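Notes follow the structure.
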Amino acid sequence: MFNRTSLIVLILAIASGLGLLAAQKFFTDPATARIETRAITLFPQARALPPFSLQQSDGTQLVPGELQGHWTVVFIGFTHCPDVCPTTLAELGQAQRQWDDLPEGVRPRVLFVSVDPERDSPERTGEYAAAFHPDILAATADVPALEAFARSLSLVFMKVAPPDGFPDSQYTIDHSAALAVLDPQARMAGVIQPPFDPAAIAEDLRLLTERR
């Protein structure tokens, strides 16, 4: 059932999308202007992200500088997600396996960010992500930091209380299903909308990496 919180998330996502379309109309980035992609919608102008700090599964901090040098696909979700998250991570894992021959120093990366810090520790988040591909980066943070990070990527999430009669711990999270794409300068450079085609995602990221 499409509840009130889902509607709010949808409205916020549509608003974010309209903002991105407006940006595409007025700016053009010569670095990607002539690259044709199948899965990724590249923005004419990449957008710098505000400072952020997330905690990775190995205990280190993930800051913008850590993402430089690689194209990165960012997915927000949570480990208790029943369908969208495991399906998306499985598809991204398929794409990653098609990059294994690229040099490690420039190989595209996938970053999974849990937006459920109440239940997902950095360690749990990392273990969950690694089940889909050992190279997936995993991180989380407190809710204010996660909200700021998601907003900078035009993504949204919202905690949804469980139905009446269920324990409070059985809440869920409504979140954007789209993937954010960061360029090697850790700028917001594009988006991938579902449904996802792992082969097309892999092809696009390989092309962008080789054309950098």
Side-chain angles (χ1 to χ4, degrees), residues 16 20 40 42-43 46-81 84-86 88-93 95-97 99-100 102-159 173 175-192 196 201-202 204-205 208-209 212:
S16 297
L20 294 174
I40 302 172
L42 289 170
F43 303 152
R47 172 166 50 84
L49 301 181
F52 62 84
S53 180
L54 310 176
Q55 187 174 359
Q56 299 188 84
S57 55
D58 63 1
T60 61
Q61 293 298 305
L62 180 69
V63 296
E66 296 293 321
L67 297 179
Q68 292 181 354
H70 305 258
W71 284 88
T72 303
V73 179
V74 183
F75 174 54
I76 65 169
F78 61 115
T79 70
H80 288 74
C81 182
V84 173
C85 297
T88 299
L89 287 171
E91 292 168 334
L92 290 174
Q96 279 188 286
R97 283 185 277 277
W99 304 326
D100 287 343
L102 292 174
E104 184 176 356
V106 297
R107 188 180 300 158
R109 298 190 295 191
V110 172
L111 169 61
F112 172 65
V113 177
S114 172
V115 291
D116 184 16
E118 185 175 337
R119 294 180 297 193
D120 292 345
S121 66
E123 294 77 15
R124 177 180 173 84
T125 303
E127 291 172 358
Y128 178 79
F132 299 94
H133 193 285
D135 292 340
I136 294 180
L137 302 175
T140 188
D142 58 31
V143 171
L146 290 169
E147 288 177 338
F149 179 70
R151 186 166 55 249
S152 73
L153 300 177
S154 298
L155 304 176
V156 294
F157 68 92
M158 180 179 295
K159 183 177 179 179
I173 305 285
H175 61 88
S176 299
L179 310 175
V181 178
L182 309 184
D183 68 11
Q185 288 74 49
R187 301 176 301 178
M188 178 73 171
V191 65
I192 307 173
F196 303 123
I201 292 173
D204 287 355
L205 269 296
L208 291 167
T209 298
R212 55 179 294 165

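Just so it is clear, the model here is predicted, and its values are computed rather than measured. Below, all heavy atoms of this structure are taken into account, side chains as well, without hydrogens, waters or symmetry copies.
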Practice item. Could you check Leu179 against Thr88 for side-chain contact (heavy atoms from CB on, under 4.5 Å), going step by step and ending with a plain yes or no? Key: CA-CA 9 Å; Leu179 310 175; Thr88 299; 3.9 Å; yes
Review point. Please walk me through it: do Tyr128 and Phe112 pass side-chain contact (heavy atoms from CB on, under 4.5 Å)?
Key: CA-CA 10 Å; Tyr128 178 79; Phe112 172 65; 3.9 Å; yes
Check your understanding: What's the verdict on side-chain contact (heavy atoms from CB on, under 4.5 Å) for Asp183 and Trp71, showing C-alpha distance, side-chain angles and the deciding distance?
Key -> CA-CA 5 Å; Asp183 68 11; Trp71 284 88; 3.6 Å; yes
Check your understanding: Can you list the steps and then say if Leu155 with Phe149 is a side-chain contact (heavy atoms from CB on, under 4.5 Å)?
Key -> CA-CA 9 Å; Leu155 304 176; Phe149 179 70; over 6 Å; no
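Taking both residues in full, the closest heavy atoms of Trp99 and Arg107 are given as O-NE, 3.5 Å, listed atom of the first, atom of the second, then distance. Pairing each heavy atom of Gln56 with each of Leu62, the nearest pair is CG-CB, 3.6 Å. Residue Glu66 comes nearest to Gln61 through the heavy atom pair CG-O, 4.0 Å, listed as atom of the first residue, atom of the second, then distance.
Looking at Leu49 and Arg187, their side chains never come closer than 4.5 Å, going by heavy atoms from C-beta outward. With a 4.5 Å cut-off on side-chain heavy atoms, His175 and Phe75 count as touching. For the pair Leu146 and Ile76, the minimum side-chain heavy-atom distance is 4.5 Å or more.
Test Val110, Ile192, Val181 against Ile201 for side-chain contact (heavy atoms from CB on, under 4.5 Å) and you get one pass: Ile192.
Of the possible donor and acceptor atoms, none in the side chain of Thr140 sits under 3.5 Å from a partner among the backbone N and O of Ser121. Using a distance-only test at 3.5 Å, with no hydrogens or angles considered, a donor-acceptor pair links the side chain of Asp120 to the main chain of Thr79.
Partners of Thr72 by side-chain hydrogen bond (donor to acceptor under 3.5 Å, both in side chains), not counting sequence neighbours: none found.
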